[in-house]
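Side chains included, hydrogens not; waters and symmetry mates left out as well; all remaining heavy atoms used.
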Amino acid sequence: MKKHLTIFLIFFSLSTLLAQDPSIIWQRTIGGSETEMLPSIIETNDGGILLAGTSNSNISGEKSENSRGGDDFWILKLDNSGIIEWQKTIGGSGNDNLTAITKTADGGYLIGGTSNSPISGEKTEPSRGMSDYWFLKIDENGTIVWQKTLGGADVDSLRNIRETVDGGYIVYGHSRSQISGDKTLPLHGVVDLWLIKLNSDRTILWQKSYGFAGNSEFYSIDFDITENGSYMMSANYNPFQPGDAFYFLQVNNTGSIIWEKYYQGDQTDITPFLSSTAEGNFIAAGTSESDASLDKTENSQGSFDYWVLELNPNGAISWQNTIGGLGGEQPWSVMQTIDGGYLIAGNSDSPISGDKIEDSKGGSDYWIVKLNNVGIIEWQNTIGGIGTDHHARIIEGVNGDLYVCGASSSDISSDKIENSRGLSDFWLLKLDSTLSLIQNNSFASAITLFPNPTNNTLHINTHDQSIDQINIYTITGNRLIHIEIDSISPEIDVSSLATGVYYVQLFSQGNVTLKKFIKG
């Protein structure tokens with residue numbers, strides 16, 4: 001009997017492994033008996049991973065230290081195989097929610113978030129008000145080097161912290177505090193953006209509060225330092241009713257405004273994450289339920305979609321793309337890739353529909369989309385279990401490896417090969433760096449276009465593969481033609497197109513490829 005049971009377990013394990021997405025190299029479920037959420041990841045100098053988020057679990061699962069009170073910072077160092085090398089629980093007796101991790105020049109790390117803890121646990125300074133900025137420097141082994149609490153009498157929420165080239169620090173978030181505690185500036189509206197520049201000894205060099213008079217509310221989302229040393233910020237902004245807008249603000253290294261822009265449609269547009277690009281532009285991705293209106297050029301695919309914008313150095317839109325399915329999509333990170341394209345990671349609960357070529361695995365899944373340099377989809381991947389998998393963030397390692405991590409409540413199912421440890425865990429995956437080749441190569445190689453160049457009709461030879469959807473884009477990423485079909489080797493009338501180079505994007509039973517043609 002034992003022999004039969006062993007054979008069954010081996011078969012079950014192999015079947016589970018084979019059922020997961022072939023692009024997954026390895027995956028790790030990491031958590032305790034309660035809730036782990038909002039993880040962030042960065043690559044370490046030795047090629048490993050630093051994973052950090054918020055936890056309220058006591059010793060259980062992978063958690064080796066008890067909670068200090070409510071929520072704590074939880075930081076883990078993993079090698080490039082996903083094995084935990086060390087971990088630290090850092091917090092006070094209140095709630096401490098981590099929102100930022102970054103590397104420092106000396107090989108250590110900055111970690112930061114929002115805290116309402118008094119002096120207790122690892123917290124050595126009293127709370128200034130209802131909640132404060134709390135950030136710490138840790139060394140490469142996770143030992144605390146120093147820490148700092150900054151805040152006013154009301155609610156202050158930290159979003160990001162970075163080391164600056166002069167050895168100081170820049171801290172970004174939003175504030176409801178009037179002049180009090182460390183805050184020396186009055187509120188402009190209900191909630192303002194609050195940017196603080198610190199010297200190397202953590203004394204305040206200057207601080208700025210950005211907002212509009214009246215009932216305006218700004219909620220900080222993301223932050224980056226540009227190549228020229230200026231600071232780029234993104235936020236939610238409510239300029240009118242109904243709905244919110246994407247708000248972008250660039251300031252110089254003393255906090256003076258260079259430009260500010262907001263972009264919106266006719267409904268709610270929120271959480272614009274951003275990153276600087278090698279060309280001096282900015283890539284931003286948030287979520288939108290707006291149809292084509294105001295600044296938005298495409299209708300919603302269903303509920304909320306990814307709304308992706310490339311901004312030029314002055315903040316004007318170079319191109320934009322609305323990406324989603326019939327359900328809801330929310331991006332949580334966006335970055336430029338080594339090849340000059342872009343990666344977006346977030347969550348989706350859409351079935352096959354719109355731009356989505358794979359069904360949902362459960363309640364919500366990780367949804368990763370790779371775009372070329374003008375915003376056209378090159379490949380996408382839906383990864384999930386039967387439960388809720390969300391808040392996915394992605395990084396590209398120096399050798400092109402992809403790491404994605406979010407929060408998951410899924411047990412073993414679909415792509416997930418380990419059960420949940422509690423209510424919600426960190427779910428970390430390493431993906432094959434040739435993911436796009438795995439998804440597209442055999443399909444792409446079977447497709448030929450003729451004649452190319454063409455004057456009136458573009459013939460697509462699919463070699464007996466049925467095409468589901470055709471899109472034609474300009475070379476700068478504007479979609480001109482969208483066709484929903486079910487056809488083998490279709491023909492497209494392109495006589496109305498101007499002379500030039502175009503992309504044709506083809507979808508077929510979960511595959512997607514992009515090819516160029518010339519209109520004569």
Side-chain angles (χ1 to χ4, degrees), residues 16 20 24 26-41 49-78 82 84 87-101 111 113-117 120-122 131 134 157 271 287 327-333 345-349 360-367 382-394 403-429:
T16 303
Q20 73 176 10
I24 298 171
W26 54 254
Q27 58 173 286
R28 299 287 183 269
T29 296
I30 300 171
S33 59
E34 297 298 326
T35 299
E36 282 68 52
M37 58 185 179
L38 297 175
S40 297
I41 49 174
I49 291 294
L50 193 74
L51 172 63
T54 299
S55 171
N56 61 17
S57 293
N58 287 321
I59 296 172
S60 52
E62 283 70 36
K63 193 125 191 306
S64 62
E65 295 179 89
N66 282 331
S67 169
R68 308 300 192 240
D71 297 329
D72 305 305
F73 296 177
W74 191 29
I75 303 98
L76 303 101
K77 168 65 169 65
L78 296 87
I84 297 172
Q87 60 173 285
K88 300 287 181 180
T89 296
I90 298 174
S93 59
N95 288 312
D96 310 293
N97 298 110
L98 187 144
T99 53
I101 59 170
I111 59 173
T114 301
S115 172
N116 64 11
S117 290
S120 53
E122 283 71 35
S131 68
W134 186 37
S157 301
T271 59
T287 188
E329 283 76 44
Q330 165 68 67
W332 289 98
S333 64
N347 45 270
S348 170
D349 60 14
S360 171
K361 309 295 178 71
S364 176
D365 309 302
Y366 295 177
W367 192 35
T382 298
I383 300 173
I386 199 169
T388 299
D389 312 299
H390 55 99
H391 287 89
R393 302 173 189 266
I394 194 165
Y403 297 91
V404 61
C405 187
S408 174
S409 64
S410 292
D411 286 325
I412 294 172
S413 53
S414 194
D415 299 307
K416 193 131 189 304
I417 63 172
E418 294 181 274
N419 281 330
S420 172
R421 312 297 194 241
L423 300 176
S424 175
D425 310 300
F426 299 162
W427 188 27
L428 171 68
L429 305 98

Side chain to side chain, [X] and [Y], heavy atoms closer than 4.5 Å:
{"X": "T114", "Y": "W134", "answer": "no"}
{"X": "I24", "Y": "D415", "answer": "yes"}
{"X": "D425", "Y": "S408", "answer": "no"}
{"X": "Y366", "Y": "T382", "answer": "no"}

Fill in: Donor-acceptor pair between D365 and S360 side chains, under 3.5 angstrom
yes
Worksheet entry | Donor-acceptor pair between E329 and W367 side chains, under 3.5 angstrom |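 Note: E329 and W367 side chains miss the donor-acceptor criterion.
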Item to complete: State which residues pass salt bridge (Lys or Arg N to Asp or Glu O under 4.0 Å) with E62; sequence neighbours excluded, sorted by chain then number.
Response: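 E62 satisfies salt bridge (Lys or Arg N to Asp or Glu O under 4.0 Å) with R421 only.
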Discussion item. K88: which residues meet the salt bridge (Lys or Arg N to Asp or Glu O under 4.0 Å) condition with it, sequence neighbours left out?
Written reply: none
Please name all residues satisfying side-chain contact (heavy atoms from CB on, under 4.5 Å) with [X], sequence neighbours left out, ordered by chain then number.
{"X": "R68", "result": "E65, D72, T89, E122"}
{"X": "S93", "result": "P118, S120"}
{"X": "I41", "result": "I49, L51, I395, Y403, C405, L428"}
{"X": "D71", "result": "M37, T54, N56, N95, N97"}

Fill in: Distance (rounded to the nearest 0.5 Å) between S55 OG and L76 CG
9.0 Å
Worksheet item: Is the side chain of K63 donor-acceptor paired with the backbone N or O of S57 at a distance under 3.5 Å, no angle test?
Response: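 Answer holds: yes.
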Discussion item. Check whether S424 reaches the backbone of E36 with its side chain - one donor and one acceptor, N or O, closer than 3.5 Å.
Written reply: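 Yes; judged by distance alone, with no hydrogens or angles, the pair exists.
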Fill in: Test applied, side-chain contact (heavy atoms from CB on, under 4.5 Å); reference residue, D411; option that passes from T29, I386, N419
N419
